[in-house]
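I have placed the structure first, in the form of structure tokens, so that the comments after it can refer back to it.
Note that the structure is predicted; figures quoted are calculated from it, not measured.
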Amino acid sequence: MAIILFDDNAHNTLLPLTYTRPVADLRIGILTIAEKWGKYLNSDFSFHTQPYLQGKFPVNIQADNLFINGSVCPDEYLLETIAGLQTGQALMYKDIMILAVKLNAADAAGFTAATIPANTVTYNKVPVMVRYPEELFRKNDIELRRDFKLLTKGRTSAVLSSTNTIIGDAFFAEEGAQAECCTFSTINGPIYLAANTEVWEGTNIRGPFALCEHSQIKMGTKIYGATTIGPYCRIGGEVNNAIVWGYSNKGHEGYLGNAVIGEWCNLGADTNNSNLKNNYSEVKLWDYPSQSYRNTTLQFCGLIMADHAKSGINTMFNTGTVVGVNANVFGGGYPPTHIPDFVWGGADGFEEYTFDKMMETTQRVFDRREHRSFDDNEKSIMGKVYELTRPYRERVVSGG
């Protein structure tokens, strides 16, 4: 049976993080949502997503198909319920959204998330869902613990150097993980070090925490849970309850807290984000669908940064800042709490990051990774996102 992770309206409410990926490609815990389903179901998977993303994330329809909502993380009860579905039957969450549906090839070819099948089953429990950007760091603790159990069940951790101090038992290192003269505390949650990772001397980590493949933690770094560092990242400074996706760097001092950082991002030296307002009020985040600020009801909410965004040295992000795809932020003072996609600048204003210059820079970034290519699919996505986001940055660049 083909496992297909589909986008619904969460693709819009999770912008700008989902401009460059399907919803199920979001990383929360140790794995992406799609990887979780693949592991639990012991199956390959594909994506039913926006047309301009399908070149990179193709759909694979077979004779029998299980469509799963890409914003929903698996748990044992949900897996059991889905397993009981019949062909043509949908599992609905409180009759408001499709969680899963089994379809034959003919019906699968015409599937849309907005069309509810006639034959439905109601699911009244509350699964872990990711519908807004801040829910990624809010629910990262839950998913870190689940993924840790999933990935380490029945296995024995590799042995690290005796120069390290490990407090508690919920610690697991894959073969090839390296650390010297570091402290790892699992009192508040598990710690997972993937293969070919490095934790440099003097680092202090408090779980729950995950370090994904080929990533490095620099000397003297302080990390508090629940934090995930994706593959091929380099991290330094102080990090608290944040998710940094793959190929992104925060290589220097500076604070990152209650935050989500996309792929291919770079935070300059001493970049900091605020995660608490001076008046302790609830934080609002820029919402792409409504083009206005949405109340998160959170007191602690820091930085949401989409793919390929960058900050210069000493950049200060205010509480609840949203940075768009390929934005480049620099200069003194606090920039606005919404920085549109494909702009350069900061507190003193913005100009458009022209498409040709952006493509040249992105090519250089990809060229630094021998196993990644800035291919036609990547270029096509970048071009489409550039066009989709044009109205938002034009208002900022023109001073509107």
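Although no hydrogens or angles enter the test, the distance criterion places no donor-acceptor pair under 3.5 Å between the side chain of Thr183 and the main chain of Thr165. A donor-acceptor pair is defined here as one N or O able to donate and one able to accept, closer than 3.5 Å; such a pair exists between the side chain of Asn164 and the backbone of Cys181. Judged by distance alone, with hydrogens and angles left aside, the side-chain atoms of Asp147 form no donor-acceptor pair with the main-chain N or O of Leu144 at under 3.5 Å. A donor-acceptor distance shorter than 3.5 angstrom exists from the side chain of Tyr52 to the backbone of Tyr19, with no hydrogens or angles considered. A distance-only check finds a donor-acceptor pair linking the side chain of Lys250 to the backbone of Gly254 [under 3.5 Å]. Under the 3.5 Å distance criterion, the side-chain polar atoms of Asn272 are matched with a main-chain donor or acceptor of Tyr255. Judged by distance alone, with hydrogens and angles left aside, the side-chain atoms of Arg369 form a donor-acceptor pair with the main-chain N or O of Tyr232 at under 3.5 Å. A distance-only check finds no donor-acceptor pair linking the side chain of Asp270 to the backbone of Thr315 [under 3.5 Å].
You'll find the ring centres of Phe355 and Tyr386 inside the 6.0 Å limit. Ring to ring, His11 and Phe57 are not that close: their centroids are 6.0 angstrom or more apart. A distance below 6.0 Å separates the ring centres of Phe47 and Phe45.
The shortest distance between side-chain heavy atoms of Asn275 and Leu256 does not fall below 4.5 Å. With a 4.5 Å cut-off on side-chain heavy atoms, Val325 and Phe342 count as touching. Between Gln89 and Lys102, every side-chain heavy-atom pair lies at or beyond the 4.5 Å cut-off. For the pair Ile28 and Val130, the minimum side-chain heavy-atom distance is below 4.5 Å. By the 4.5 Å heavy-atom criterion applied to side chains, Ile217 and Trp200 are not counted as neighbours. Residues Met382 and Asn326 meet the side-chain proximity criterion, which asks for heavy atoms closer than 4.5 Å.
Looking at every heavy atom in both residues, Val23 comes nearest to Ile33 through O-CD1, 4.1 Å. In this structure, Pro133 and Leu17 approach most closely via the heavy-atom pair CB-CD1, 3.9 Å. When all heavy atoms of Ile30 and Ala210 are compared, the closest pair comes out as CG1-CB, 3.5 Å.
If you check the side chains of Asn318 and Thr321, you find no donor sitting under 3.5 Å from an acceptor. A donor-acceptor pair shorter than 3.5 Å cannot be found between the side chains of Glu35 and Trp37. Side-chain contact of Asp307 with Thr20: a donor-acceptor pair under 3.5 Å is present, judged by distance alone. Counting only N and O atoms by type, the side chains of Gln363 and Asp367 include a donor and acceptor under 3.5 Å apart. In the model, Thr271 has a side-chain atom that pairs as donor or acceptor with a side-chain atom of Ser311 under 3.5 Å. A donor and an acceptor atom, one from each side chain of Asn279 and Ser281, are located under 3.5 Å apart. In the model, Gln291 has a side-chain atom that pairs as donor or acceptor with a side-chain atom of Arg395 under 3.5 Å.
Counting only residues at least two apart or on different chains, no salt bridge (Lys or Arg N to Asp or Glu O under 4.0 Å) pair has a member in residues 177-190. Sorted by first and then second residue, the salt bridge (Lys or Arg N to Asp or Glu O under 4.0 Å) pairs involving residues 114-142 (not counting sequence neighbours) are Asp8-Arg131, Glu134-Arg294, Glu135-Lys139, Asp141-Arg145.
Ionic pairing of Glu387 and Lys384 is not present here: no N-O contact between side-chain nitrogen and carboxylate oxygen is shorter than 4.0 angstrom. Using a cut-off of 4.0 Å between Lys/Arg side-chain N and Asp/Glu carboxylate O, Arg393 and Asp341 are scored as not salt-bridged. In summary, Glu263 and Arg27 do not engage in a salt bridge, as defined by a charged side-chain N under 4.0 Å from a carboxylate O.
When the shell of 6.0 Å around NZ of Lys149 is examined, it contains 12 or fewer heavy atoms from other residues, nucleotides or ligands. In this structure, Lys277 places its NZ atom where more than 12 heavy-atom neighbours from other residues, nucleotides or ligands lie under 6.0 Å away. Atom CZ of Arg146 sits in a crowded spot, with more than 12 heavy atoms from other residues, nucleotides or ligands closer than 6.0 Å.
By the side-chain hydrogen bond (donor to acceptor under 3.5 Å, both in side chains) test, Glu282 pairs with Asn295, sequence neighbours left out. Qualifying ring pair (Phe, Tyr, Trp, His ring centres under 6.0 Å) partners for Phe184, counting only residues two or more places apart in sequence or in other chains: Phe171. Annotation: ring pair (Phe, Tyr, Trp, His ring centres under 6.0 Å) contacts of Tyr132 (sequence neighbours excluded): none. Residues satisfying the ring pair (Phe, Tyr, Trp, His ring centres under 6.0 Å) test with His338, not counting sequence neighbours, are Trp286, Tyr288. Residues forming a ring pair (Phe, Tyr, Trp, His ring centres under 6.0 Å) with Phe137 (at least two apart in sequence, or on another chain): none. With sequence neighbours excluded, no residue forms a side-chain contact (heavy atoms from CB on, under 4.5 Å) with Thr156.
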Residues 72-84 side chain polar contacts: donor-acceptor under 3.5 Å, at least two apart:
residue	atom	partner	partner atom	Å
Asp75	OD1	Tyr77	N	3.1
Asp75	OD1	Leu78	N	2.7
Thr81	OG1	Tyr77	O	2.8

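When hydrophobic side chains of Ile, Leu, Val, Met, Phe, Trp and Tyr are connected at separations under 4.5 Å, Phe111 ends up clustered with Ile4, Phe6, Val59, Ile61, Phe67, Met92, Ile98, Val101, Leu103, Ile116. Apart from Ile167 itself, the hydrophobic cluster it occupies contains Ile187, where clustering links Ile, Leu, Val, Met, Phe, Trp and Tyr at side-chain heavy-atom distances under 4.5 Å. Through chains of ILVMFWY side-chain contacts below 4.5 Å, Met316 is grouped with Tyr334.
No continuous path of hydrophobic side-chain contacts links Ile261 to Leu14 [ILVMFWY only; heavy atoms under 4.5 Å].
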